[in-house]
Asks: 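Below you will find the structure I want to go over with you.
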Amino acid sequence: MKKIFTLISLFVLALGVQAQVITWDAAVEKGKVAGTYGTGFVLTAVDTDGKMAIDANNAYFGDATAQTKLTHRLKTGGKSSAKNALSLTIPSAGKLKICVRTGSNSDATRTLILKQGTTELYNKVVKEEDAISVAGLDETDPAKETNVYPIIAVEVAAGTVSIEYPVNGLNFYGFEFVADGEGGGDEPGGGDEPGGGDEPVTLTFTEAAAAGSANVITIGDDNCNVVFNGGAKASVEAKSQTFAVDSESTPITFAYQWKPGGGITKTDGGERSITISLPQDGILTVCTRTGKSGEVRNFSVIQNEETLLTAPAPDGKEVDEKYYKAYEVSVAEGTVYITADAAINVAGLIFTPKSTPTGVQAVKAAAQKTGVTYNLAGQKVGADYKGIVVKDGVKVVQ
């Protein structure tokens, strides 16, 4: 079975993720939109003419493998000017992500321009035809295809990003800022280092598989992966389901689920097991449902023979009566197992790495270059090691 890897570097939209997100969950009538939204990462709205409004309108953003459903939009109602303007305050260098649609399905001339100082970050027409069709997002009709709109992502520095839009405006569903990880390239925590950065990794399914063909599925890469081993009855089916940790987190929708056809009992990677390999400490978010409606079926998250979490796989929509409950659990670098006495269906897993102190990262990077082995705490492994490593002013003790 081929490996499937989905890294949500698009619009992470939280489930516990350390990103700053600005979205809306209630309508605001024209002329009463607030002047600012957010803290640190701030959206500023100037609406002297009273044209802006927020209304309820569902739309999916993402790509073919991962989608986020947003429920409200900010309608600018006019051309950007001194009287009608949007801008973003960016707290540090990082990535800015914007979910936006044209204000008219038939108008293919509405251009979004993003500027930071004299630098133009983005200049492109926002068109409905840029959306792709994805099946499995409609809970009442899994075969129905739903439009999924692309997410605009640009690199930004600390400062102000101005947002320019044309006559009759654009509709903005959400903004997100993800700060750069410490270092880059060959530096500790950079994009080339395993597990570098703090962006979450979503491990989920992108296609259906008949019973008997989904007995062993590996999703992920060599640094972060999960192996689903369910035996001959296991399958993957199209099933649109939306999960949220709680009322404060933004929900995420999955298009498929893995059905093992029986309990998950092994913690050795054998048949009937879910084995997760993690590159560093972090938070694991489990999105699963009971395998039989009306029946309570508990699952457990286990690491180093210790049960970190036992909870009931949700049967109904427990969060705001709209979303299935997702569970978060703190995990360490290494192998994690999920078990369940009776069948549960897994829609997806999300791993969010924890930040590592700069000094420890530097020690680990040096170890990679010299071939010496260090553990996750930055400690050298080996009986011949004595004393203290000092790097970037941080002491790391064996």
Side-chain angles (χ1 to χ4, degrees), residues 10-14 19-62 68-91 95-117 120-131 147-154 156 159-178 248 250-251:
L10 346 136
F11 204 67
V12 246
L13 283 182
Q20 298 181 66
V21 176
I22 298 170
T23 56
W24 300 274
D25 58 8
V28 177
E29 63 183 82
K30 187 180 292 185
K32 294 187 178 181
V33 171
T36 60
Y37 294 92
T39 303
F41 172 55
V42 178
L43 173 69
T44 299
V46 177
D47 187 28
T48 305
D49 285 344
K51 292 183 177 181
M52 291 186 183
I54 297 170
D55 69 354
N57 186 272
N58 295 332
Y60 284 91
F61 290 85
T68 296
K69 182 181 180 180
L70 298 177
T71 61
H72 289 73
R73 62 186 177 182
L74 169 63
K75 304 173 67 175
T76 62
K79 184 181 186 299
S80 54
S81 65
K83 296 182 178 181
N84 188 302
L86 295 175
S87 63
L88 291 162
T89 300
I90 309 297
K95 183 173 288 186
L96 170 66
K97 303 164 190 178
I98 298 178
C99 293
V100 60
R101 288 178 61 191
T102 177
S104 170
N105 292 356
S106 60
D107 190 343
T109 65
R110 299 193 184 185
T111 301
L112 171 67
I113 302 174
L114 305 176
K115 292 181 179 178
Q116 192 163 35
E120 188 172 271
L121 306 176
Y122 187 87
N123 187 333
K124 188 176 179 181
V125 175
V126 179
K127 297 182 291 187
E128 284 289 296
E129 65 188 50
D130 289 337
N147 281 346
V148 175
Y149 298 90
I151 297 167
I152 294 168
V154 295
V156 291
T160 301
V161 172
S162 63
I163 302 172
E164 298 181 12
Y165 39 88
V167 173
N168 297 321
L170 293 169
N171 297 331
F172 295 89
Y173 288 74
F175 303 86
E176 182 194 62
F177 172 71
V178 181
E248 301 302 317
T250 305

Asks: Without swapping roles, check the side chain of Ser80 against the backbone of Tyr165 for a donor-acceptor pair under 3.5 Å.
Replies: yes
Asks: Tyr122: what forms a ring pair (Phe, Tyr, Trp, His ring centres under 6.0 Å) with it, not counting sequence neighbours?
Replies: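 Ring pair (Phe, Tyr, Trp, His ring centres under 6.0 Å) list for Tyr122, sorted by chain: empty.
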Asks: Is there a side-chain contact (heavy atoms from CB on, under 4.5 Å) between Val126 and Thr111 once you walk through the steps?
Replies: CA-CA 6 Å; Val126 179; Thr111 301; over 6 Å; no
Asks: Output the distance between atom CG (Leu70) and atom CZ (Arg101), rounded to the nearest 0.5 Å.
Replies: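 Atom-to-atom, Leu70:CG and Arg101:CZ are 11.0 Å apart.
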Asks: Please determine whether side-chain contact (heavy atoms from CB on, under 4.5 Å) holds for the pair Asn57 and Tyr173, giving the CA-CA distance in whole Å, both sets of side-chain angles, and the decisive distance to 0.1 Å.
Replies: CA-CA 9 Å; Asn57 186 272; Tyr173 288 74; 2.6 Å; yes
Asks: Heavy-atom distance under 4.5 Å between the side chains of Lys115 and Val161, does that happen here?
Replies: no
Asks: Closer than 3.5 angstrom, by distance alone: can the side chain of Glu176 be matched with the main-chain N or O of Val21 as a donor-acceptor pair?
Replies: no
Asks: Thr160 versus Leu88: any side-chain heavy-atom pair under 4.5 Å?
Replies: no
Asks: Find the distance between OG1 (Thr36) and CG (Leu43) and round it off to the nearest 0.5 Å.
Replies: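 Thr36 OG1 to Leu43 CG: 8.5 Å, rounded to 0.5 Å.
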Asks: Evaluate side-chain contact (heavy atoms from CB on, under 4.5 Å) for Ile98 paired with Ile151, printing each intermediate quantity in order.
Replies: CA-CA 6 Å; Ile98 298 178; Ile151 297 167; over 6 Å; no
Asks: Is Ile54 close to Val33 at the side-chain level, that is, under 4.5 Å between some pair of heavy atoms?
Replies: yes
Asks: Under a 4.5 Å cut-off applied to non-hydrogen side-chain atoms, are Asn84 and Lys79 in contact?
Replies: no
Asks: Search all heavy atoms of Ala34 against all heavy atoms of Ala45 and return the closest pair with its distance.
Replies: O-CB, 3.7 Å
Asks: Evaluate the criterion side-chain contact (heavy atoms from CB on, under 4.5 Å) for residue pair Tyr37 and Phe175; output intermediate values, then yes/no.
Replies: CA-CA 10 Å; Tyr37 294 92; Phe175 303 86; over 6 Å; no
Asks: What's the spacing between His72 NE2 and Asn58 CG if we round to 0.5 Å?
Replies: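 Taking NE2 in His72 and CG in Asn58, the distance rounds to 8.5 Å.
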Asks: Mind checking the CD1-OG spacing from Ile163 to Ser87? Nearest 0.5 Å is all I need.
Replies: 7.0 Å
Asks: Using only atom types and a distance under 3.5 Å, with no angle test, would you say the side chain of Asp49 pairs donor to acceptor with the backbone of Lys51?
Replies: no
Asks: Residues in ring pair (Phe, Tyr, Trp, His ring centres under 6.0 Å) with Tyr149, at least two apart?
Replies: Phe61
Asks: Please examine the side chains of Leu86 and Phe172, heavy atoms only from C-beta on, and report whether any two atoms are closer than 4.5 Å.
Replies: yes
Asks: Answer yes or no: is there a donor N or O on one side and an acceptor on the other, between the side chain of Arg110 and the main chain of Val125, under 3.5 Å?
Replies: no
Asks: Side chains of Thr102 and Lys127, heavy atoms from C-beta outward: is any pair under 4.5 Å?
Replies: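 Not in contact.
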Asks: Write down the atom of Gln20, the atom of Pro91, and the distance for their closest heavy-atom approach.
Replies: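 Closest heavy-atom pair between Gln20 and Pro91: NE2-CG, 3.9 Å.
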Asks: Side chains of Leu114 and Glu164, heavy atoms from C-beta outward: is any pair under 4.5 Å?
Replies: no
Asks: Check whether any side-chain N or O of Thr76 sits under 3.5 Å from a backbone N or O of Leu170 as a donor-acceptor pair, and report yes or no.
Replies: yes
Asks: Does atom CG (Asp25) have a neighbourhood of more than 12 heavy atoms from anything else shown, all under 6.0 Å?
Replies: no
Asks: So, do Phe177 and Lys95 sit near enough that their side-chain heavy atoms are less than 4.5 Å apart?
Replies: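 Phe177 does not reach Lys95 side chain to side chain.
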Asks: Out of curiosity, Leu121 CG to Ser162 OG, how far, rounded to the nearest 0.5 Å?
Replies: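 Leu121 CG to Ser162 OG: 8.0 Å, rounded to 0.5 Å.
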